[in-house]
> 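Pasting a structure below so you can have a look.
In what follows, every heavy atom counts, from backbone to side chain, and hydrogens, waters and symmetry copies are set aside.
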Amino acid sequence: PNVLTVVRILLTPVFLGLIFSNTWYNKILALVVFTVASLTDLYDGKIARRDGTITSFGRFMDPLADKLLVSSALISFVILGMVEAWLVAAMLFRDAAITGLRVYSIRKGKEVVTSRLAKWKTMLQLVLVFGILVFMNIRVIQAKLTSSPLELTGTSSHLWLNGLVAAVTLIAVISGVHYLVTNRNAT
């Protein structure tokens, strides 16, 4: 399971290189790499629980690897002009604050429990990024087939994408507050 977590971390810069490449088919490869990296998140926990190989490294690095992958993708979408920076900043601030509290609690020797809500938040973030990548690839393929310029944003797509990001950001903030309430004794 820890190997899968490390693979997810190593795939993040590969994903970034592909998404910022000017070659159209690298956007498709970025989607494939992100999908593979996301699947490592699904399987590392299942394998660890099944085999009884849950480690402190895995408990700490698994959510950190998730945050690294998702944050990199969301920041990429901001740079590409697809989503609003303030929505992504709110999500990133939540993740950084919770990670900081996790580190602090672990240093104090206290167990930090990841709630179901936080796991759902991560799953929704992964689905959100996957959906935006699918949208991007539809646009990339459309531009390639029609020889028209690539347009990743338009008024309606911008509203839809940012509405979805806002919904997931709201869930992220709620899960952060839930984390603080349920782990107040650990900090």
> Hey, could you give me the CD/CG distance between Gln125 and Asp41, rounded to the nearest 0.5 Å?
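These two atoms lie 10.5 Å from each other.
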> Among Leu11, Leu69, Asn26, which residue satisfies the side-chain contact (heavy atoms from CB on, under 4.5 Å) criterion with Val33?
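Single pass found, and it is Leu11.
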> Which value, rounded to the nearest 0.5 Å, describes the distance between Ser157 atom OG and Ile138 atom CD1?
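It is 11.5 Å, given to the nearest 0.5 Å.
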> Under a 4.5 Å side-chain heavy-atom rule over Ile, Leu, Val, Met, Phe, Trp and Tyr, are Phe93 and Val88 clustered together?
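No; Val88 is not reachable from Phe93 via cluster members.
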> Hey, quick one: are Val173 and Leu128 part of the same hydrophobic cluster, counting side-chain heavy atoms closer than 4.5 Å, chains of contacts allowed?
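Cluster IDs for Val173 and Leu128 differ.
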> Give a yes or no on this: more than 12 heavy atoms of other residues, nucleotides or ligands lie within 6.0 Å of atom CZ of Phe20.
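Correct, the count exceeds 12.
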> Rounded at 0.5 Å granularity, tell me how far CE in Met91 sits from CG in Leu87.
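Between Met91 CE and Leu87 CG, I get 7.5 Å after rounding to 0.5 Å.
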> Flag the pair Thr40 / Thr5 as yes when at least one side-chain heavy-atom distance between them is below 4.5 Å, and no otherwise.
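Answer no - side chains too far apart.
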> Please walk me through it: do Ile19 and Leu133 pass side chain to side chain contact (heavy atoms under 4.5 Å, CB included)?
CA-CA 9 Å; Ile19 200 164; Leu133 286 168; 3.7 Å; yes
> Cluster question for you: counting only ILVMFWY and a side-chain heavy-atom cut-off of under 4.5 Å, with indirect links fine, are Phe130 and Leu4 together?
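Shared cluster, no.
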> Is there a side chain to side chain contact (heavy atoms under 4.5 Å, CB included) between Phe77 and Met136 once you walk through the steps?
CA-CA 10 Å; Phe77 300 148; Met136 174 190 287; 4.1 Å; yes
> Keeping the roles fixed (side chain from Asn162, backbone from Val83), state whether a donor-acceptor pair exists under 3.5 Å.
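Answer holds: no.
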> For the pair Thr169 (side chain) and Val165 (backbone), establish whether a donor and an acceptor sit closer than 3.5 Å, ignoring hydrogens and angles.
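Pair found, side chain donor or acceptor close to backbone of Val165.
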> Could you report the tightest heavy-atom contact between Met82 and Ile132, atom names first, then the distance?
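Scanning both residues, the minimum pair turns out to be CE-CG2, 3.6 Å.
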> Within the 4.5 Å heavy-atom criterion, are Lys144 and Val140 side-chain neighbours or not?
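SC-SC contact between Lys144 and Val140 ruled out.
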> Check whether any side-chain N or O of Ser175 sits under 3.5 Å from a backbone N or O of Ala172 as a donor-acceptor pair, and report yes or no.
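Yes; judged by distance alone, with no hydrogens or angles, the pair exists.
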> If two hydrophobic side chains count as joined below 4.5 Å and joins carry through other members, does Leu29 share a cluster with Ile141?
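Yes, it is one cluster - the side chains of Leu29 and Ile141 are joined through contacts under 4.5 Å.
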> Taking Thr23 for the side chain and Tyr25 for the main chain, is one N or O donor matched with an acceptor at less than 3.5 Å?
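Not confirmed, Thr23 side chain does not pair with Tyr25 backbone.
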> Under the 3.5 angstrom rule, does the side chain of Asn137 hit a backbone N or O of Ile28 as a donor-acceptor pair?
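Yes.
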> Around atom CZ of Arg116, are there more than 12 heavy atoms of other residues, nucleotides or ligands at under 6.0 Å?
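Not more than 12 within 6.0 Å, no.
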> Does Met61 form a side chain to side chain contact (heavy atoms under 4.5 Å, CB included) with Ile9? I'd like the steps, not just the answer.
CA-CA 9 Å; Met61 289 305 293; Ile9 292 168; 3.5 Å; yes
> Has the side chain of Ser71 got a donor or acceptor atom that lies under 3.5 Å from a matching backbone atom of Leu68?
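No.
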> Between Lys121 and Asp66, is the closest basic N to carboxylate O distance under 4.0 Å?
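So Asp66 does not pair with Lys121 through a salt bridge.
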> Just by distance, do the side chain of Lys67 and the backbone of Thr122 share a donor-acceptor pair under 3.5 Å?
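A pair under 3.5 Å: no.
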> Could you see if Phe34 belongs to whatever hydrophobic cluster contains Val7? Use Ile, Leu, Val, Met, Phe, Trp, Tyr and a side-chain cutoff under 4.5 Å.
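In one cluster: yes.
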> Stepwise, does the side chain to side chain contact (heavy atoms under 4.5 Å, CB included) test hold for Arg8 with Asp62?
CA-CA 9 Å; Arg8 188 162 60 258; Asp62 178 61; 2.4 Å; yes
